[in-house]
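A short worksheet on the structure shown next.
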Amino acid sequence: MNTVTQNSHSPYSSRITGTGSAFPQNRLTNHDLAKRVDTSDEWIADRTGIRERRIVRPGDPSEQNSSLGYAAALKALEMAGKTPDQIDQIIYATVTPDTLIPSAACWLQHKLGARRAWAMDLNAACSGFVYALATADQFIRSGQVRTSLVVGADVLSSVTNWSDRSSCILFGDGAGAFIVEQTHAQSPHRILSSHLGSDGDLWEVFHIPAGGSNLEVTPEAYSKNLHKMNMKGKEIFKSAVRTLSDYAVMAIEANGLKPEEIDWLIPHQANLRIIEAVAKRLNFPMSKVLVNIDRFGNTSSATVPTAMDEAVRDGRIQKGQTLLLDVFGAGLTYGSILVRW
Ligand code: UT7
């Protein structure tokens with residue numbers, strides 16, 4: 001259930017050299033939501049920490065999943081000083097691709113003109129970006145890839161049940177992207193470790209019943225909203241606090257570090273109360289935790305790269321700092337990555 005990657009004998013390691021993010025223009029505030037379902041700004045802000053989220057305009061080509069990924073990728077490429085023809089590999093973490101065939105990764109390759117790359121999607125729900133970054137790290141350390149574009153992007157508004165007040169308040173749309181490049185094994189700036197896990201026995205706490213090969217979106221399935229996210233919030237909450245804490249400790253201990261040596265914790269943004277509970281368990285001050293859920297809600301695979309990109313660009317993240325990326329998602333899936341920036 002758990003894989004660990006560290007201390008390999010590869011002469012290479014991976015360095016993140018560019019970050020970028022993009023969000024749709026339209027803001028959906030808690031007050032707007034209170035006009036649709038029986039809720040209030042106060043309840044949502046108190047119970048989740050969310051004040052507003054961004055939602056795509058359906059049908060707008062500039063706000064398709066891969067268009068948000070494209071905008072984020074351009075910013076990451078610019079920061080890294082790279083051009084699309086230098087990308088060897090595109091790994092696109094998403095559960096809401098533009099189309100099931102082809103993949104969002106291929107749409108992005110098309111939009112970028114990244115002709116040398118090979119491209120694939122990866123589905124690990126909200127853990128997707130960490131899974132994708134760990135995968136890119138493996139290809140880079142194997143020597144097969146020199147430059148990888150890793151994207152985490154989701155348009156969760158397309159699978160949100162807008163009549164379910166216990167879930168529709170949580171989600172938003174957005175995209176984050178990293179350029180990851182090959183460097184030498186002992187580079188001071190590199191990905192130090194990754195820990196991934198999953199527990200398919202817990203599939204039922206967060207799933208979309210229809211739209212896959214099990215169940216077509218028939219008129220009946222459609223009328224029952226079976227093509228939308230179905231979530232048992234309380235159960236996910238408990239499991240999330242436990243696993244985020246466990247995977248943070250695994251990363252810290254595997255690298256022989258102490259919690260106080262972590263400069264920034266970058267957790268999946270599902271609920272501010274989950275993040276605060278994890279920080280408390282780890283005895284970690286909230287002043288060292290990156291948070292963007294207040295403005296963007298839960299953007300699934302985009303939460304970690306967008307929160308990190310913001311802190312890189314505003315100067316909170318400084319060269320040489322140690323960053324702990326820590327996620328959970330449907331599946332259930334889990335993971336953490338430790339980075340020396
Ligand atoms: O990436 C993973 C995605 N999902 C998650 O991470 C979800 C994790 N879970 C959560 O974030 C929280 O469980 C929720 C925010 C979903 C719910 O918060 P909670 O504190 O666990 O509330 P609850 O489900 O225990 O509900 C408490 C009350 C209920 O009313 P009664 O039965 O006490 O009368 C709900 O009906 O709050 C009610 N309620 C609401 N009231 C106003 C539930 N949703 C709302 C709402 N507005 N939006």
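Counting starts at 1 for both ligands and their atoms, following the listed order. One-based numbering along the sequence shown. These values consider heavy atoms only, across backbone and side chains, with no hydrogens, waters or symmetry-generated copies.
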Can a protein heavy atom be found under 4.0 Å away from atom 6 (O) of ligand 1? yes

Check this for me - ligand 1, S40, N or O atoms closer than 3.5 angstrom, yes or no? no

Within-cut-off N or O pair, T48 and ligand 1, under 3.5 Å: no

Nearest protein heavy-atom contact for atom 44 (N) of ligand 1: which residue, which atom, what distance? W43 CH2, 3.4 Å

I'd like to know if atom 28 (C) of ligand 1 has any protein heavy atom within a distance of less than 4.0 Å. no

Between G233 and ligand 1, is there a nitrogen or oxygen pair with a distance under 3.5 Å? yes

With heavy atoms of M231 as the reference, note each atom of ligand 1 found under 4.0 Å away. 4 (N), 7 (C), 16 (C)

Look up atom 36 (O) of ligand 1 and tell me if a protein heavy atom lies less than 4.0 Å from it? yes

So does E220 pair up with K224, basic N to acidic O under 4.0 Å? yes

Quiz question for you: does at least one protein heavy atom lie closer than 4.0 Å to atom 33 (O) of ligand 1? no

My understanding is that only one of I50, I274, T299 makes a side-chain contact (heavy atoms from CB on, under 4.5 Å) with I293; could you say which? I50

Which is closest to atom 20 (O) of ligand 1 in terms of heavy atoms, H268, E42, R47? R47

I'd like the name of whichever of N298, V205, D164 reaches closest to atom 1 (O) of ligand 1 through any heavy atom. N298

Measure V37 to ligand 1 on non-hydrogen atoms and call it side chain, backbone, both or neither using the 4.0 Å cut-off. neither

Which of R146, R15, K82 passes side chain to side chain donor-acceptor pair (under 3.5 Å) with E181? Answer is K82

Which one holds for I236 and ligand 1: side chain close, backbone close, both close, or neither close, with close meaning a heavy atom under 4.0 Å? side chain

Closest to atom 11 (O) of ligand 1 among protein heavy atoms sits N271 ND2, 2.7 Å

Centroid-to-centroid, F129 to F178, below 6.0 Å? yes

Any non-hydrogen protein atom below 4.0 Å of atom 47 (N) of ligand 1? yes

Does the S187 side chain pair with the main chain of H189, one donor and one acceptor, at a distance under 3.5 Å? yes

Please could you name the atoms of ligand 1 that C126 approaches to less than 4.0 Å, counting only its heavy atoms? 1 (O)

Just wondering, do Q269 and V291 contact through their side chains at under 4.5 Å, heavy atoms? yes

Would you please test R115 and D85 for salt bridge (charged side-chain N to carboxylate O under 4.0 Å, His left out) and show each step? CA-CA 6 Å; R115 291 186 192 286; D85 59 340; over 6 Å; no

With a 4.5 Å cut-off on side-chain heavy atoms, are N30 and W43 touching? no

Hey, does the side chain of R53 reach the backbone of S157 with a donor-acceptor pair shorter than 3.5 angstrom? no

Exercise: identify the closest heavy-atom pair between L265 and L282: CD2-CD1, 4.4 Å

Judged by modelled atom types alone, do D154 and T96 share a side-chain donor-acceptor pair under 3.5 Å? yes

Test of understanding: given a 4.0 Å heavy-atom threshold, classify the contact between I44 and ligand 1 as side chain, backbone, both, or neither. neither

